[in-house]
Structures are given as structure tokens and as C-alpha cells.
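Excluded from the calculations below are hydrogen atoms, water molecules and symmetry mates; all remaining heavy atoms, backbone and side chain alike, are included.
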Amino acid sequence: MVCLGNICRSPLAEGILKSKLPKDQFVIDSAGTASYHIGSPPDRRAMNIAEKNGLDISSLRGRQFSIDDFERFDYIYVMDESNYNNVMSLARNEEDKNKVRFILNETYPDQNYDVPDPYYGGPEGFENVFKMLDEACNVIAASFK
């Protein structure tokens, strides 16, 4: 799960998907394309909406996406076009590129919709983002069962 700073959208997506799949069978992680929040916990508003929905993401810490992630993961879900372009610029080959997907293509195939960044908005933005990510993660989880 990849967004810009790894404190709002991607940790929410990580927490949501982890809640839907067996922990002993899947490695789910999140990262940011920027280095602004390395080592920081998720945004308080992200933690609040997660908690409101029965999830605890407070132990997650921001990290930056790296080329090694192409080795570590089979799927790389990005939150928006900017994240997509940043991750694709690090891809070494077609195999790497084929791992990168817009997360909302899971619910809106081939549309490449962005998950809006709720950072500069209020709590309603985080609620909206949670709903979008929950729907997409339902589809992802169902594809692995």
C-alpha cells in the first residue's frame, strides 16, 4: 500500500487489508513515496477512523518506498496517479511494473481513480477514504480466498 507520506491513506489500507486476511499467510505493509514522515505514527485522524471501525493502526510507522519492495511484494497498490508515477519510476523491468496497481481499480476496473488525500481536510475526508479503501480491500481479500 503506497501513498505520499505513509501516515493517512496507506496505513489505513494496510490495517484494513490485514483485518481481512489471515496474518500467517500474507505480508501486508505500507510505505510513502516521500520521506516526510519516516518513523512517524499514522495521522491521529487516520487512527481515529480506524479505531471507530474496530482497527488499531497505532503501531504502524512511516517508511519510504524502496526498490527492494519490488522483491518483497507480489502486489503494490498505489493511492493516486502521483504515487503511481513515483513508484513506476523506480521499476527496474516489466515484472516490477506489472506489480503496480491503482487500489481503486479493484472496485472501478481500469478507471485509475485517485483515493483523495484527506490530510488537509476534516474528519469527513478520512471517513470517505476509509469507505473507499474498505470496499477495495474487500475485493482484494476475496480474490485470495
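Counting only distance, with no hydrogens or angles, the side chain of Asp117 and the backbone of Tyr119 share a donor-acceptor pair below 3.5 Å. In terms of modelled atom types and a separation under 3.5 Å, the side chain of Glu14 and the main chain of Ser30 share a donor-acceptor contact. Between the Asn105 side chain and the Asn112 main chain, a donor and an acceptor come within less than 3.5 Å of each other.
Closest approach of Ile7 and Ala46 over heavy atoms only: O-CB, 3.8 Å. Contact record, Asp56 with Ser58: OD1-OG, 2.6 Å, taken as the closest heavy-atom pair. Between Ile16 and Cys137 the shortest heavy-atom distance is CG2-CB, 3.6 Å. Closest non-hydrogen pair, Ala136 versus Leu104, comes out as CB-CD2, 4.4 Å. In plain terms, the two heavy atoms of Pro42 and Arg61 that are nearest each other are CD-NH1, 4.3 Å. Heavy atoms only, all atoms of each residue included: Ser19 and Leu55 are closest at CB-CD2, 3.4 Å.
Between Val115 and Asp80 there is no side-chain heavy-atom pair separated by less than 4.5 Å. Under the 4.5 Å side-chain criterion, counting only non-hydrogen atoms from C-beta, Asn6 is in contact with Pro11. Within the 4.5 Å cutoff, the side chain of Met1 has no heavy atoms near those of the Leu12 side chain. Here the side chains of Glu135 and Thr107 are in contact, with some heavy-atom distance below 4.5 Å. At a threshold of 4.5 Å between non-hydrogen side-chain atoms, the residues Met79 and Ile103 count as touching. Here the side chains of Pro118 and Arg9 are in contact, with some heavy-atom distance below 4.5 Å. At a threshold of 4.5 Å between non-hydrogen side-chain atoms, the residues Lys18 and Ile57 do not count as touching. A heavy-atom distance below 4.5 Å is found between the side chains of Asn83 and Cys3.
Rounding to the nearest 0.5 Å gives a distance of 14.5 Å between OH of Tyr84 and OG1 of Thr33. Here Cys8 contributes atom SG and Phe130 contributes atom CZ; the two are 14.0 Å apart, rounded to the nearest 0.5 Å.
Note on Leu4 and Leu133: separate hydrophobic clusters, where clusters join Ile, Leu, Val, Met, Phe, Trp and Tyr whose side-chain heavy atoms are under 4.5 Å apart, directly or indirectly. Leu17 is not connected to Val139 by any chain of hydrophobic side-chain contacts under 4.5 Å among Ile, Leu, Val, Met, Phe, Trp and Tyr, and they are in different clusters. Taking hydrophobic clusters as Ile, Leu, Val, Met, Phe, Trp and Tyr residues chained together by side-chain heavy-atom distances below 4.5 Å, Leu60 does not share a cluster with Ile38. Side-chain heavy atoms closer than 4.5 Å link hydrophobic residues (I, L, V, M, F, W, Y) into clusters, and following such links, even through other members, never connects Val2 to Tyr113. Hydrophobic clustering, with ILVMFWY side chains joined whenever heavy atoms are under 4.5 angstrom apart, groups Tyr108 together with Val129.
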Given Lys131 and Glu127, is the salt bridge (charged side-chain N to carboxylate O under 4.0 Å, His left out) satisfied, shown in steps? CA-CA 6 Å; Lys131 288 176 189 170; Glu127 289 181 25; 5.1 Å; no
With side chain to side chain contact (heavy atoms under 4.5 Å, CB included) as the criterion, how do Leu90 and Asn86 come out once you've worked through the C-alpha distance, each side chain's angles and the decisive distance to 0.1 Å? CA-CA 7 Å; Leu90 297 174; Asn86 288 330; over 6 Å; no
Using the rule given for side chain to side chain contact (heavy atoms under 4.5 Å, CB included), can you reason through Lys52 versus Ile49, listing the C-alpha separation, both sets of side-chain angles and the distance that settles it, and then say yes or no? CA-CA 5 Å; Lys52 180 178 174 183; Ile49 193 64; 3.9 Å; yes
Applying ring-ring contact (aromatic ring centres under 6.0 Å, His included), run through Phe65 and Phe70 and close with a yes or a no. CA-CA 9 Å; Phe65 184 85; Phe70 289 112; 5.4 Å; yes
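Aromatic pair Tyr77/Phe102: ring centres not closer than 6.0 Å. Taking the centre of each ring, Tyr75 and Phe26 stay at or above the 6.0 Å mark.
Judged as a side-chain hydrogen bond (donor to acceptor under 3.5 Å, both in side chains), and not counting sequence neighbours, Asn48 has no contacts. With sequence neighbours excluded, no residue forms a ring pair (Phe, Tyr, Trp, His ring centres under 6.0 Å) with Tyr36.
Asp69 and Arg63 are joined by a salt bridge, as a carboxylate oxygen and a charged side-chain nitrogen come within less than 4.0 angstrom of each other.
Within a 6.0 Å sphere centred on CG of Asp24, heavy atoms belonging to other residues, nucleotides or ligands number more than 12.
Among residues at least two apart or in separate chains, side chain to side chain donor-acceptor pair (under 3.5 Å) pairs with a member in residues 93-104 are Arg92-Asp96.
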